[in-house]
Asks: 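A single structure is presented below for examination.
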Amino acid sequence: MMKRVIRAVALLFACIGFARQAEAQEMTLAMLSSKYNLPQGQETYNRACGVCHDNGVMNAPKVCNVADWQPRMAQGMQALINHAIDGINTMPAKGGMESLTLAQCSDAVAYMMSLCDITVAKK
Ligand code: HEC
């Protein structure tokens, strides 16, 4: 009886620990909006990114499409931002708009991540 209680308590703590860990490794919406300027990101997105990412032009990962984003999210926020700035495969650097600042690109990525219930690793 006592053993079973101990086991249940240990399991409970393991679950709490696991949930905490998952929480700590992902960017929440609150974290995105405190670290990035989401309204500015929306403005940049509409101007420079939506043309491909709204509908998956050139196989761009569509905003809010979990299947498109899931494999990319594990790289973490900084890698996604770097790829948006430097370009990756058929994605042009800064979406082809050279005049964008690094902050504008970062905010645009954060805006894309903030739109839906897609979790991005915090690294
Ligand atoms: C001309 C079309 C086009 C435009 C404009 C564009 N993208 Fe992309 N984007 C792509 C394509 C295609 C990919 C997929 C590249 C690949 O991984 O093969 C991509 C991938 C990405 C990724 C995922 C990178 C990764 O590491 O998986 C991010 C983030 C991104 N774009 C952000 C942006 C932002 C921010 C803008 C605007 C500043 C933008 N894109 C504009 C086509 C575009």
Side-chain angles (χ1 to χ4, degrees):
M1 169 64 189
M2 195 57 198
K3 246 189 195 161
R4 213 186 273 168
V5 171
I6 291 171
R7 214 183 293 153
V9 171
L11 186 67
L12 182 69
F13 277 110
C15 288
I16 293 172
F18 188 71
R20 283 248 174 86
Q21 208 179 343
E23 200 180 304
Q25 288 172 350
E26 284 166 0
M27 297 287 284
T28 60
L29 184 56
M31 287 160 71
L32 284 175
S33 60
S34 70
K35 189 164 176 196
Y36 301 95
N37 184 337
L38 296 182
Q40 169 78 70
Q42 177 175 24
E43 192 273 326
T44 301
Y45 176 84
N46 289 340
R47 199 152 52 90
C49 322
V51 61
C52 293
H53 287 279
D54 276 351
N55 294 305
V57 169
M58 293 170 56
N59 272 333
K62 267 184 275 185
V63 279
C64 294
N65 185 313
V66 179
D68 284 359
W69 285 101
Q70 210 79 68
R72 302 173 185 273
M73 303 320 264
Q75 322 176 71
M77 199 57 193
Q78 197 52 56
L80 291 173
I81 289 173
N82 291 344
H83 294 157
I85 291 169
D86 300 334
I88 179 171
N89 301 321
T90 46
M91 150 101 197
K94 297 181 175 180
M97 206 167 281
E98 265 181 58
S99 60
L100 292 180
T101 64
L102 303 189
Q104 283 174 319
C105 291
S106 308
D107 291 342
V109 175
Y111 170 71
M112 289 164 83
M113 299 306 118
S114 75
L115 283 179
C116 298
D117 207 11
I118 296 176
T119 44
V120 59
K122 188 177 81 180
K123 55 181 175 183

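When a ligand or atom number is given, it counts from 1 through the structure's own listing order.
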Asks: Donor-acceptor check, side chain of Gln75 to backbone of Arg72, threshold 3.5 angstrom: yes or no?
Replies: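 Pair found, side chain donor or acceptor close to backbone of Arg72.
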Asks: Tell me which part of Asn89 gets within contact of ligand 1: side chain, backbone, both or neither, using heavy atoms under 4.0 Å.
Replies: side chain
Asks: Looking at Met91, is its backbone amide N or carbonyl O close enough to the side chain of Asn89 to form a donor-acceptor pair, meaning the two atoms are under 3.5 Å apart?
Replies: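 The answer is no, because no donor-acceptor pair under 3.5 Å joins these two groups.
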Asks: In terms of residue, atom name and distance, what is the protein heavy atom nearest to atom 36 (C) of ligand 1?
Replies: Cys49 SG, 2.7 Å
Asks: Ignoring hydrogens and angles, tell me if any N or O in the side chain of His53 forms a donor-acceptor pair with the backbone of Pro61 under 3.5 Å.
Replies: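 Flag set: sc His53 to bb Pro61 pair under 3.5 Å.
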Asks: Report the C-alpha distance between Tyr111 and Asn46 in whole Å, list the side-chain angles of each, state the deciding distance to 0.1 Å, and finish with yes or no for side-chain hydrogen bond (donor to acceptor under 3.5 Å, both in side chains).
Replies: CA-CA 10 Å; Tyr111 170 71; Asn46 289 340; 5.0 Å; no
Asks: Return yes if some donor-acceptor pair links the side-chain N/O of Ser33 with the main-chain N/O of Ala30 below 3.5 Å, else return no.
Replies: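 Yes; at least one donor-acceptor contact below 3.5 Å.
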Asks: Which atoms of ligand 1 have any heavy atom of Leu100 under 4.0 Å away?
Replies: 38 (C)
Asks: If you measure every N or O of Asn59 against every N or O of ligand 1, does any of those distances drop under 3.5 Å?
Replies: no
Asks: For ligand 1, which atoms sit closer than 4.0 Å to a heavy atom of Val109?
Replies: 35 (C)
Asks: Per the side-chain contact (heavy atoms from CB on, under 4.5 Å) rule, which among Arg47, Met97, Lys94 passes with Gln104?
Replies: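 Of the listed residues Arg47, Met97, Lys94, the side-chain contact (heavy atoms from CB on, under 4.5 Å) partner of Gln104 is Arg47.
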Asks: Could you tell me whether His53 and ligand 1 have an N or O pair separated by under 3.5 Å?
Replies: yes
Asks: Does only the side chain of Thr44 get under 4.0 Å from ligand 1, or the backbone, or both, or neither? Count heavy atoms.
Replies: neither
Asks: May I ask you to identify the nearest protein heavy atom to atom 33 (C) of ligand 1, giving residue, atom name and distance to one decimal place in Å?
Replies: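 Going atom by atom, the protein heavy atom closest to atom 33 (C) of ligand 1 ends up being Met91 CE, 3.4 Å.
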Asks: How far does CG of Asp107 sit from CE of Met112, to the nearest 0.5 angstrom?
Replies: 13.0 Å
Asks: Using a heavy-atom cut-off of under 4.0 Å, does the side chain or the backbone of Met58 touch ligand 1, or both, or neither?
Replies: both
Asks: Within ligand 1, which atoms have a heavy atom of His83 less than 4.0 Å away?
Replies: 24 (C), 25 (C), 26 (O)
Asks: Output the list of atoms in ligand 1 that are nearer than 4.0 Å to some heavy atom of Cys52, sorted by atom number.
Replies: 1 (C), 2 (C), 3 (C), 4 (C), 5 (C), 42 (C), 43 (C)
Asks: Counting distance only, does the side-chain N/O of Asp68 pair as donor-acceptor with the main-chain N or O of Lys62 below 3.5 Å?
Replies: yes
Asks: May I ask you to check whether Thr90 has an N/O atom sitting below 3.5 Å from an N/O atom of ligand 1?
Replies: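 Min N/O separation from ligand 1 is not below 3.5 Å for Thr90.
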Asks: In terms of atom number and element, which parts of ligand 1 are under 4.0 angstrom from non-hydrogen atoms of Pro61?
Replies: 13 (C), 14 (C), 19 (C), 20 (C)
Asks: As an exercise, identify every atom of ligand 1 less than 4.0 angstrom from a heavy atom of Val51.
Replies: 5 (C)
Asks: Could you tell me which atoms of ligand 1, counted from 1 in the order shown, lie closer than 4.0 angstrom to a heavy atom of Ala108?
Replies: 35 (C)
Asks: Can you tell me which residue and heavy atom of the protein come closest to atom 28 (C) of ligand 1, and the distance to 0.1 Å?
Replies: Trp69 CH2, 3.9 Å
Asks: Does any N/O atom on Gln75 come nearer than 3.5 Å to any N/O atom on ligand 1?
Replies: yes
Asks: So for Ala48, does at least one of its heavy atoms come nearer than 4.0 angstrom to any atom of ligand 1?
Replies: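 For ligand 1, residue contact (heavy atoms, under 4.0 Å) with Ala48 is present.
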Asks: Can you check side chain to side chain contact (heavy atoms under 4.5 Å, CB included) on Leu32 and Met77, steps first, answer last?
Replies: CA-CA 10 Å; Leu32 284 175; Met77 199 57 193; 3.9 Å; yes
